[in-house]
Amino acid sequence: MAKDTRCVSFFFRSRATTRRHVREINQLMNFIDTLDDLERDRYDKVLRLRERGINPYPLRTTRTHTIARVRELDERGEDPGVVTLVGRITANRWTGKITFADIRDGTGRIQLFLRQDNLGQETYKNFIKDFDLADFVQATGTLFKTKTGELSLQVAEISMLAKAVAPMPEKFHGLRDMETRYRQRYLDLMVNEDVREVFRARQRIVTAMRAYLDRSGFIEVETPALQPLYGGALAKPFVTYHNELERNLYLRIADELYLKRLLVGMFERVYEISKDFRNEGVDATHLPEFTMMECYQAYGDLSDMIKVVEDVFVECAMAARGTLQIQYGEHRIDLTPPFARVAMRDAILERTGVDIYVDDTFDALRARIEEKNLRVEPQMSWGKLVEKLFAAYVEPTLIAPTFIVDFPTDISPFAKKKPDDPRVTERFEIYVGGGEYGNAFTELNDPEDQWQRFMEQQTNRARGDAEAQQMDDDYVQALKHGLPPTGGLGMGIDRLTMLLTDQHSIRDVVLYPQLRN
RNA sequence: GGGCCGCUAGCUCAAUCGGCAGAGCAACAGCCUUUUAAGCUGCAGGUUCAGGGUUCGAUUCCCUGGCGGCUCACCA
């Protein structure tokens with residue numbers, strides 16, 4: 001309460017107490033009531049600045065150089081003369097009539113050198129009293145080296161650009177609390193340099209991928225996120241409702257079916273980088289919304305997609321890390337192509353002794369799986385069982401980049417069957433470091449076969465598989481008009497970023513992750 | 001959804017067996033004219049996530065709830 005009075009007393013002293021000003025003061029009091037003690041101390045400074053006729057939130061900024069730029073000039077031995085730098089105060093070391101303050105802008109950090117003799121006693125004292133850690137400031141002066149050789153700005157003038165009322169997290173330990181880090185990401189970014197670097201790397205990865213696809217003749221397109229029918233993947237959707245249309249719409253689970261329709265329309269190479277939404281579990285590798293790149297190449301097939309994957313890994317690794325020899329957790333991984341190719345059947349046989357081509361019925365395979373104490377759901381198909389076996393015994397062992405090829409047909413409703421064995425399809429997934437990063441097919445373009453696959457999915461749905469595809473007559477109709485032979489690929493951007501920035505939770509590569517529950 | 005763990009000052013963390021809730025940083029009042037997590041003196045800061053229970057007494061033990069994390073199952 002004493003502090004309230006202190007704040008308000010400043011305000012009072014500088015203004016006549018007309019009725020309007022009384023109302024202003026009451027409104028100010030209401031705001032001050034929302035502040036905690038530390039914020040009130042800082043808010044006093046806002047009022048003090050105003051009392052001296054200084055706007056703590058001015059409209060304009062002057063900036064002659066970025067911090068990175070002056071450092072660059074310094075390294076070249078050039079002196080830019082008088083410069084005006086801006087930034088947030090991140091550290092203050094005062095030793096009497098001299099203060100060292102660090103400021104940081106978007107490009108780097110630099111030390112300000114403030115001396116009473118240079119600024120004048122009043123300005124210097126006002127700086128000490130009213131400028132705090134986290135404030136945005138603008139400082140003008142000349143560059144020099146301190147005794148320890150650190151490039152510093154000898155400040156002649158300093159002014160407030162934006163006063164921070166709330167204190168920033170502790171400088172040494174940073175911000176550790178997970179919940180605060182994700183919910184108030186700005187604090188995390190403000191304090192934790194390595195976090196900022198992860199998101200810069202993410203940007204470089206996406207840019208490199210786009211640049212590669214663009215120069216390979218793929219054109220970037222946009223397809224609906226709100227869809228009357230969802231499809232293109234096996235997953236549970238989010239449902240929403242359109243009031244005027246009076247109908248349910250689904251948030252897309254994949255771009256696939258819309259993109260392939262474009263090839264029917266004679267585009268030859270298309271891609272899209274966008275959010276997909278899947279109404280499923282949340283954990284270290286899954287979020288309800290995630291970013292996917294999908295690309296489709298007419299007159300292509302699986303082998304073209306193998307090349308795209310290898311190229312994308314190379315381009316993105318170089319952009320993010322500058323090397324193909326990356327460290328992911330405990331693993332050293334070499335991303336130099338070509339990557340190994342192993343048939344799913346061989347991989348499973350090697351790790352488990354189970355031959356899925358011998359035990360190629362549901363009952364036979366279930367018996368083999370139950371021997372291994374894995375749970376089998378009644379609605380599972382043969383392909384689901386194969387996938388389960390693969391996920392449990394093979395996937396974690398795939399550290400070096402490996403294409404797993406020949407996926408069961410019933411879990412691959414958009415891939416062409418292999419001519420010599422209709423149980424499996426011409427499909428691969430790329431695995432690195434024990435995780436999956438992409439999925440590609442020689443795309444199914446036979447409308448009759450596609451129709452039968454949709455019918456099969458209906459059967460699975462009736463058996464209780466909530467992820468089964470819905471029949472999409474409109475898509476079958478598109479295929480009837482002719483889809484050229486096509487290779488298609490989807491890659492998870494979030495996971496690729498995790499791999500290339502050595503992050504082990506998807507929440508650490510997404511700025512605002514949906515939190516559990 | 002199951003199991004395990006966590007929640008204490010603005011931030012990072014302590015608190016013995018159930019016995020006055022503490023430190024560092026940040027803040028506040030000072031000292032200090034080349035610092036690098038600056039230093040020194042002083043001072044202040046708490047709904048110990050919430051609610052209930054056991055107890056003379058609960059940060060601590062029990063129950064319920066909230067919010068997180070890890071993990072298992074499932075999906076990219």
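All chains are named by letter (A, B, ...) in the order of the sequence lines, taking the proteins before the strands, and each is independently numbered beginning at 1. Owing to the predicted nature of the structure, the values given are computational and were not obtained by experimental measurement.
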*For A:Phe339 and A:Phe428, run ring pair (Phe, Tyr, Trp, His ring centres under 6.0 Å): C-alpha distance rounded to whole Å, both residues' side-chain angles, the deciding distance at 0.1 Å, then the answer.*
CA-CA 12 Å; A:Phe339 304 158; A:Phe428 72 71; over 10 Å; no

*Under a 3.5 Å limit for both distances, which nucleotide forms a Watson-Crick or G-U wobble pair with B:U60, could you say?*
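Paired with no nucleotide.
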
*With under 30° as parallel and over 60° as perpendicular, where do the rings of A:His504 and A:Tyr328 fit, or are they tilted in between?*
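Ring orientation of A:His504 relative to A:Tyr328: parallel.
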
*asked:* Strictly below 4.0 Å, N to O, side chains only: are A:Asp132 and A:Lys163 in salt-bridge contact?
replied: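 Result for this pair is yes, salt bridge flagged.
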
*Thinking salt bridges, do A:Glu170 and A:Arg176 make one under a 4.0 Å N-O criterion?*
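No salt bridge links A:Glu170 with A:Arg176.
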
Side chain of [X] only, please: which of [options] is the nearest?
X        : options             : result
A:Asp132 : B:G10, B:C75, B:C28 : B:C28
A:Asp117 : B:C70, B:U33, B:C75 : B:U33
A:Asp283 : B:C75, B:G68, B:C11 : B:C75

Send over the distance from [X] [atom1] to [N] [atom2], rounded to a whole Å.
X        : N     : atom1 : atom2 : result
A:Leu114 : B:C32 : CG    : P     : 18 Å
A:Tyr437 : B:C75 : OH    : P     : 17 Å
A:Asp41  : B:A44 : CG    : P     : 15 Å
A:Gln184 : B:G68 : CD    : C1'   : 14 Å
A:Met178 : B:C49 : CE    : P     : 20 Å

_Please confirm whether the shortest side-chain N or O distance from A:Arg183 to OP1 or OP2 of B:G68 is below 4.0 Å._
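Yes.
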
*asked:* With a 6.0 Å cut-off (strictly less than), is the heavy-atom count around NZ of A:Lys129, excluding the residue itself, greater than 12?
replied: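 For A:Lys129, atom NZ is not crowded (no more than 12 foreign heavy atoms under 6.0 Å).
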
*Taking protein heavy atoms under 4.0 Å as touching, what does nucleotides 36-43 of chain B look like 5' to 3' if B marks base contact, S marks sugar-phosphate-only contact and - marks none?*
BBB-----

*Looking only at atom P, what distance separates B:C49 and B:A58, rounded to whole Å?*
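Each nucleotide's P atom is 15 Å from the other's.
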
*asked:* Within 45 degrees of the ring normal and closer than 6.0 Å to the centroid, is that where the cationic atom of A:Arg351 sits relative to A:Tyr393?
replied: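 No, A:Arg351 and A:Tyr393 do not form such a contact.
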
